[in-house]
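Okay, so here's the structure we're looking at.
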Amino acid sequence: GHFNALVRDEFGLTNGELGLVFTIATIAAAIAVIFAGGLADRVQPRRLAVACLVAQAVLTFLYGQANSVVFLALCIFGMRLLGQGMLPHLAFTLRARWFSRFRGRAISFVQLGFNTAEATFPFLLALAIAHFEWRNLFTAAACIIGFVITPLVLWCFRAAPRMGEGRGEKGAVGRPAAPAPPALPG
């Protein structure tokens, strides 16, 4: 879209050249997620989420400061690895692990967040692109990730279960989980 046109003009790239940069970075990030995904099983979730978000904020800021196509490609790789790879992987992995009794409901809630973002962000981004320079938008996005989303995630993880402990069997502090809701008729 419009963002790509601004980036292409800035770096003197054709549609095909920028598409190739995105394709290579995206495929490389998809392959890297295969190996990095196991971190969700070995690293404390709170630490992993914060590390991914801080790295995403830094990469988003650096993307807006990029001065070469190679640096741009490295930033795209990192943002794809984290923003479209590790962070969604972590969201689904932790919901499945922490909510064994109501797993379907918990995963549906996570999916609602993804669908809401996919429905609203393109419109908000189009508004922002119309009013601000693209590099400034990446700086603003980095600040939002670092100073709004990361603290929000820390707050959400304040009572997270310890590794190996799910909320379906015991609560976050060792209490029995809440009883199941009554079954629907039919």
Side-chain angles (χ1 to χ4, degrees), residues 1-8 10-11 13-99 103-104 106-126 128-129 134-135 137-142 144-146 149-150 152-153 156-157 163:
H2 189 63
F3 238 145
N4 288 345
L6 297 172
V7 173
R8 279 194 326 267
E10 181 90 19
F11 291 96
L13 298 172
T14 66
N15 278 329
E17 291 167 338
L18 184 60
L20 182 62
V21 169
F22 267 94
T23 299
I24 291 170
T26 300
I27 291 171
I31 292 168
V33 166
I34 294 169
F35 300 100
L39 291 172
D41 297 324
R42 295 187 308 274
V43 177
Q44 182 192 40
R46 181 181 171 126
R47 285 190 179 146
L48 183 57
V50 169
C52 287
L53 284 166
V54 168
Q56 180 72 27
V58 169
L59 287 161
T60 302
F61 175 78
L62 291 175
Y63 183 89
Q65 307 305 311
N67 57 8
S68 75
V69 174
V70 172
F71 191 71
L72 188 76
L74 291 172
C75 290
I76 293 168
F77 165 78
M79 291 189 307
R80 296 280 194 187
L81 172 63
L82 297 169
Q84 292 174 312
M86 285 302 294
L87 289 168
H89 173 70
L90 191 56
F92 282 105
T93 300
L94 296 180
R95 289 309 120 212
R97 182 184 306 149
W98 290 351
F99 294 91
R103 185 171 290 144
I107 291 174
S108 294
F109 190 71
V110 171
Q111 188 61 49
L112 176 64
F114 279 97
N115 292 345
T116 301
E118 288 174 346
T120 57
F121 283 173
F123 173 73
L124 296 174
L125 189 58
I129 289 170
W134 74 271
R135 291 182 182 273
L137 290 177
F138 277 91
T139 300
I144 291 168
I145 294 166
I149 296 173
T150 301
L152 181 61
V153 167
C156 289
F157 277 72
M163 292 292 283

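One-based numbering along the sequence shown.
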How long is the gap from [atom1] on [X] to [atom2] on [Y], to the nearest 0.5 Å?
X	Y	atom1	atom2	result
Ile145	Leu152	CD1	CG	13.0 Å
Asn115	Thr120	CG	OG1	10.5 Å
Leu62	Asn67	CG	CG	10.5 Å
Thr23	Leu18	OG1	CG	9.0 Å
Ile144	Thr150	CD1	OG1	11.5 Å
Thr116	Gln111	OG1	CD	9.5 Å

Nearest non-hydrogen partners of [X] and [Y], listed with the distance:
X	Y	answer
Ala117	Pro122	O-CD, 3.9 Å
Gly37	His89	O-NE2, 3.1 Å
Ala57	Gly146	CB-N, 3.9 Å
Arg80	Ala29	CB-CB, 3.6 Å
Val153	Ala49	CG1-CB, 4.0 Å
Gly83	Pro88	O-CD, 3.4 Å

Hey, which of Leu82, Leu90, Leu87, Leu48 is the one that makes side chain to side chain contact (heavy atoms under 4.5 Å, CB included) with Leu53?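 Of the listed residues Leu82, Leu90, Leu87, Leu48, the side chain to side chain contact (heavy atoms under 4.5 Å, CB included) partner of Leu53 is Leu87.
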
Could you please spell out the steps behind the side-chain contact (heavy atoms from CB on, under 4.5 Å) verdict for Phe22 and Phe77? CA-CA 8 Å; Phe22 267 94; Phe77 165 78; over 6 Å; no

The criterion is ring pair (Phe, Tyr, Trp, His ring centres under 6.0 Å); which residues satisfy it with Phe92, sequence neighbours excluded?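 Phe92: ring pair (Phe, Tyr, Trp, His ring centres under 6.0 Å) contacts with Phe114.
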
Can you confirm whether [X] sits close enough to [Y] that some side-chain heavy atom of one is under 4.5 Å from a side-chain heavy atom of the other?
X	Y	answer
Arg8	Thr14	no
Ile129	Trp134	no
Leu59	Tyr63	no
Leu20	Leu13	no

Among residues at least two apart in sequence or on other chains, which ones pass salt bridge (charged side-chain N to carboxylate O under 4.0 Å, His left out) with Arg135?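 Expected list: Glu10.
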
